[in-house]
Amino acid sequence: MSRTSRLPSSLLRAAACTGVAALALTACGSGSGSGSASTGSGEVKVGLITKTDTNPFFVKMKEGAEKTAKAEGVKLMTAAGKFDGDNAGQVTAIENMVASGVKGILITPSDSKAIVPAIEKAKAKGVLVIALDTPTEPQSAVDALFATDNLKAGELIGEYAKAAMKGKTAKIAALDLAPGVSVGVQRHNGFLKGFGATDKDVACAQDTGGDQSKGQTAMENCLQKEPGINVVYTINEPAALGAYTALKAKGREKDVLIVSVDGGCTGTRAVKDGKIAATSQQYPLKMAAKGVKAVVTYAKDGKKASGYTDTGVTLITDKAQDGVASKDTAYGLENCWG
């Protein structure tokens, strides 16, 4: 966040926003309290809770929320888990934000089921709760969901991989996220659906937590189990780059097809460089912007956002396949994040 002001307090707040620590609540955005969404009780506060504050996806989401909050004249409070899966940290963040008087909370749940009781308590206090990127279980636990269709994202790269194999027998490695995380499950299942396969057709499945070093280890393990692997599905691009490193060490980076999901700038450049064959690009900035605006609307007139809003997904590749809609990396780099 950047903002020019002659008031020392504003400068101090801006400095605090740039150095927010995991789970620390930080107030960002307009400090005037005079925005159009303000109520009699003062300035409207919007909370954003992400899984971590280091993953480029969530960094971009936070940037989008900050930009929109500033434009709307509301105050943004942010918090993040210490790691992907830190449900306890997210629960604490919800409780702190409710106590601080937020009108709405935007959250990317680390544990889609375990977070629900804390969300229900917030809603009981009149707080609008919107999930970004990751749905809760059940999805109806939140007022609304703004997210990529993760099943579709997986399906797109599955269809692409099937077409790219051109009838060759596939030996599939699945480098997944973690057990029970809805985003990982949906992308995995979508890939299999698009490829026309089932879990029985997967030669090796390993969890990576979406981490590059763990992706490399997972790929090494899979190559030991099944040296003939020729298709690699990865939960995200860091895991894909880890897989590429492991394959390159074995001299197999040219004959194994890697497909992924996310569309970050690093991942999109990896597609351009030929390290990843294709990726499904999603749009975190759009999720955050829509979420902040929904809270502003709720603050103005009490109208709650509801249901699911698909924020879009696009297959990015420079090696298009017949029958699979895609855009090239020039488009991907214009629309990437991170």
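- Side-chain contact check for W337 versus L285: every heavy-atom pair is 4.5 Å or farther apart.
- For the pair V256 and Y244, the minimum side-chain heavy-atom distance is 4.5 Å or more.
- Shown here is K113, whose NZ atom has no more than 12 heavy atoms of other residues, nucleotides or ligands within 6.0 Å.
- No side-chain donor-acceptor contact under 3.5 Å links Y160 and S326.
- Between L177 and D207, the closest side-chain pair of non-hydrogen atoms is not below 4.5 Å.
- We find that K60 and E63 are joined by a salt bridge, their nearest charged nitrogen and carboxylate oxygen being less than 4.0 Å apart.
- N150 CG to S280 OG: the interatomic distance, rounded to the nearest 0.5 Å, is 9.5 Å.
- Between V102 and V46, the shortest heavy-atom distance links the atoms CG1-C, 4.4 Å.
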Working for side-chain contact (heavy atoms from CB on, under 4.5 Å), residues N230 and M165: CA-CA 9 Å; N230 56 10; M165 288 298 287; 3.6 Å; yes
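- Taking NZ of K250 as the start and OG1 of T245 as the end, the distance is 14.0 Å to the nearest 0.5 Å.
- You'll find the side chain of Q282 reaches within 4.5 Å of the side chain of M287, heavy atoms only.
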K193 vs N189, test: side-chain contact (heavy atoms from CB on, under 4.5 Å). Steps then yes/no. CA-CA 6 Å; K193 180 181 178 182; N189 290 345; over 6 Å; no
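- Without hydrogens or angle criteria, D133 side chain to T108 main chain gives no donor-acceptor distance under 3.5 Å.
- Here the side chains of L156 and V313 are in contact, with some heavy-atom distance below 4.5 Å.
- Side-chain polar atoms of S182 and S112 form a donor-acceptor pair below 3.5 angstrom.
- Counting all heavy atoms, side chain and backbone alike, L48 lies closest to K62 at CD2-CA, 3.7 Å.
- Using modelled atom types, no side-chain atom of E72 and backbone atom of V74 make a donor-acceptor pair closer than 3.5 Å.
- The shortest heavy-atom contact between L223 and A246 is CD1-O, 4.3 Å.
- Going from atom CG of L175 over to atom CG of N221 covers 10.0 Å, rounded to the nearest 0.5 Å.
- T134 is not listed as a side-chain neighbour of S110, based on a closest heavy-atom distance of 4.5 Å or more.
- In this structure a side-chain-to-backbone donor-acceptor pair under 3.5 Å is missing from Y283 to C336.
- Within the 4.5 Å cutoff, the side chain of V259 has no heavy atoms near those of the T234 side chain.
- A distance of 9.5 Å separates CG of N87 from OG1 of T92, quoted to the nearest 0.5 Å.
- Residues S260 and I235 come closest through the heavy atom pair OG-C, 4.4 Å.
- Side-chain atoms of D273 never come within 3.5 Å of backbone atoms of K275 as a donor-acceptor pair (strictly under, hydrogens ignored).
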Are T78 and D53 close enough, and set up right, to give a side-chain contact (heavy atoms from CB on, under 4.5 Å), and what steps lead you there? CA-CA 9 Å; T78 64; D53 60 4; over 6 Å; no
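- With hydrogens and angles ignored, the 3.5 Å screen pairs a side-chain donor or acceptor of D201 with a backbone N or O of T198.
- Under the 6.0 Å distance and 45° angle rule, K51 does not count as a cation-pi partner of F58.
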Apply salt bridge (Lys or Arg N to Asp or Glu O under 4.0 Å) to residues D318 and K327 and explain how you reach the verdict. CA-CA 8 Å; D318 284 334; K327 299 280 190 179; over 6 Å; no
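- No side-chain heavy atom of D176 sits less than 4.5 Å from a side-chain heavy atom of Q206.
- Within the 3.5 Å criterion, the main-chain N or O of G242 finds no donor-acceptor partner in the side chain of Q216.
- K45 contributes a side-chain N or O that, together with a main-chain N or O of S100, makes up a donor-acceptor pair within less than 3.5 Å.
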Could you walk me through whether T136 and I119 pass the side-chain contact (heavy atoms from CB on, under 4.5 Å) check? CA-CA 10 Å; T136 52; I119 288 173; 3.8 Å; yes
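- Here the shortest heavy-atom pairing between A170 and V231 reads CB-CG2, 4.1 Å.
- Each of V261, I258, D262, V271 was checked for a side chain to side chain contact (heavy atoms under 4.5 Å, CB included) with E237, and the lone residue meeting it is D262.
- Separating the CD1 atom in I316 from the NZ atom in K272 is a distance of 13.0 Å, to the nearest 0.5 Å.
- Among all heavy-atom pairs drawn from V127 and G104, the shortest one is CG1-CA, 3.8 Å.
- With hydrogens and angles disregarded, a donor-acceptor distance shorter than 3.5 Å links the side chain of R252 to the backbone of I229.
- For F191, the ring-ring contact (aromatic ring centres under 6.0 Å, His included) criterion is met by F195, Y233, not counting sequence neighbours.
- No donor-acceptor pair closer than 3.5 Å links the side chain of T208 to the backbone N or O of A239.
- More than 12 heavy-atom neighbours from other residues, nucleotides or ligands sit within 6.0 angstrom of NZ on K304.
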